[in-house]
Protein chains: 2
Amino acid sequence: MELLLHTFSKHINITEQELTVVLNRMRKKTVKKKQYLLQADQVAKDAAFVVSGCLRSYSIDDNGFEHILQFAPPGWWITDMFSFISEQPGNLFIDAIENTELLLLSRKDQLALFDELPKLERYFRIVTEKSLVNSRQRLVENLSLTAKERYERFCNIYPTLINTLPQKQIASFIGVTPEFLSKMKSQWLKG
Amino acid sequence: MELLLHTFSKHINITEQELTVVLNRMRKKTVKKKQYLLQADQVAKDAAFVVSGCLRSYSIDDNGFEHILQFAPPGWWITDMFSFISEQPGNLFIDAIENTELLLLSRKDQLALFDELPKLERYFRIVTEKSLVNSRQRLVENLSLTAKERYERFCNIYPTLINTLPQKQIASFIGVTPEFLSKMKSQWLKG
DNA sequence: CCCCCCTCTTAACCTAGATTAACTTTTTTT
DNA sequence: AAAAAAAGTTAATCTAGGTTAAGAGGGGGG
């Protein structure tokens, strides 16, 4: 897959042979729109690399509300990191926003690759560092910005998603109710 | 330092020689209570390992409010990860809650050690994975729990900090005003 | 030892965003 | 193409938590 090669190449130099070694450990999978890749209480055996389509990860709280943690368009990795590294049942759901093609890599295979191909451990070290920066940034923004400001940030950061995504899910990501997002947008047009 | 050895040993096997290699790249530093290790707009050249005392990292928003991201008691690492990995000016402050002894490791030295000692890259890969799990978990909790529930979680997770920390800082960490935390605690006694 | 600054408390009032509910529009299923 | 389900809108009402203000400890530096 060229997309996978391109994605690795952003952070490490990798040869075709090395890419083949990695690909031999990965399995293709497709998930249709609205179907689950993972549900809460399952163990996330795999990390998923999105080739086409889009996935989302979210938790459901005690009141039944969804809180979206991540969208994964093509070229992104997604999993329930807690479950993936601890091999314990997690509390995240991952499902497909549209028909999606994936490459799966199990934790076992990932760890084996880290020994075979130290470059790959470096790649994931870097990707994880960046995800951490991202997650902490989002935490700060949730604590310090208003709903309107968070919506604007979302539009800037995910300009491509803004048109394809149901508004409901944008609301869930920025941490407001769909009703309130709708209200904000109409006040927008007036003010 | 035995604490550093012990901390590495939780995730990797490391010999005394290897530890020496690492220590040769680290510098001792002390920071007195209320003094800064890092301020916003500076580049975080170093990651800090806390030997004794306690640090905190936080951002200050446009209204002058502090939002605490992390406390670092002995055995923890702390830095402004964004700045540390991008080598650009960051937006976090790090200061000492009490007189603190540190071991500093610059990004340059860290990257050099990753080449010399692949084990160390593994160690930081694992630590970063865990930090990511933590940060995402906190994000979900901020979106789904009430202030009271977040306070209870804090008490469970940091039982040792609860007595040493000014209540103001606990409020900042869980994302409420000091006034509201105070109010919650008094309602607590009544209810 | 005292003063000043900082932390904590209490209470009245305020607001961003949630809740509820009824309705409209769009999408999906058959 | 009809029917059903899901998504979005609007508006009234409600509340968790913020803001403002004023007073009460309390500990560290001169």
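Computed from a prediction, not measured in an experiment: that's the story for all the values here. In what follows, chains are A, B, ... by sequence order, proteins preceding strands, each numbered from 1.
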Leu143(A) atom CG is separated from dG18(D) atom C1', nearest whole Å, by 14 Å
Which of these passes side-chain contact (heavy atoms from CB on, under 4.5 Å) with Arg107(A): Asp46(A), Ile85(A), Val43(A)? Ile85(A)
More than 12 foreign heavy atoms under 6.0 Å from CG of Asn156(B): is that the case here? yes
Let me know the distance between CD of Gln187(A) and P of dT9(D), rounded to the nearest Å. 13 Å
Do Trp76(B) and Phe49(B) have their ring centres less than 6.0 Å from each other? no
Cluster membership besides Val50(B), Ile/Leu/Val/Met/Phe/Trp/Tyr side chains within less than 4.5 angstrom, sorted by chain and number, is Val31(B), Leu37(B), Leu38(B), Leu55(B), Ile78(B), Ile94(B), Leu102(B), Leu104(B)
With the sugar-phosphate defined as primed atoms, P, OP1 and OP2, and the base as all remaining atoms, what B/S/- string results for nucleotides 22-30 of chain C, 5' to 3', for protein heavy atoms under 4.0 Å? ------S--
Tell me which residues in residues 53-66 of chain B put a heavy atom below 4.0 Å from DNA chain C, sorted by number, or none. none
Distance-only, no hydrogens or angles: does the Asn99(B) side chain make a donor-acceptor pair with backbone N or O of Lys33(B) under 3.5 Å? yes
For Glu116(A), all residues meeting salt bridge (Lys or Arg N to Asp or Glu O under 4.0 Å), sequence neighbours excluded: Arg25(A)
Heavy-atom neighbours of Lys148(A) NZ exceed 12 at 6.0 Å: no
Rounded to whole Å, the CE-C1' distance (Met184(A) to dT9(D)) equals 14 Å
Can you tell me which stems DNA chain D forms when a stem means 3 or more consecutive Watson-Crick or G-U pairs under 3.5 Å? C:1-30 with D:1-30
What residues in residues 159-182 of chain A put a non-hydrogen atom under 4.0 Å from any atom of DNA chain C? Gly175(A), Val176(A), Thr177(A), Glu179(A), Phe180(A)
Just checking, is any N or O donor in the side chain of Ser131(B) or Asn134(B) under 3.5 Å from an acceptor N or O on the other one? no
Decide if the gap between the ring center of Tyr58(B) and the ring center of Phe173(B) is smaller than 6.0 angstrom. no
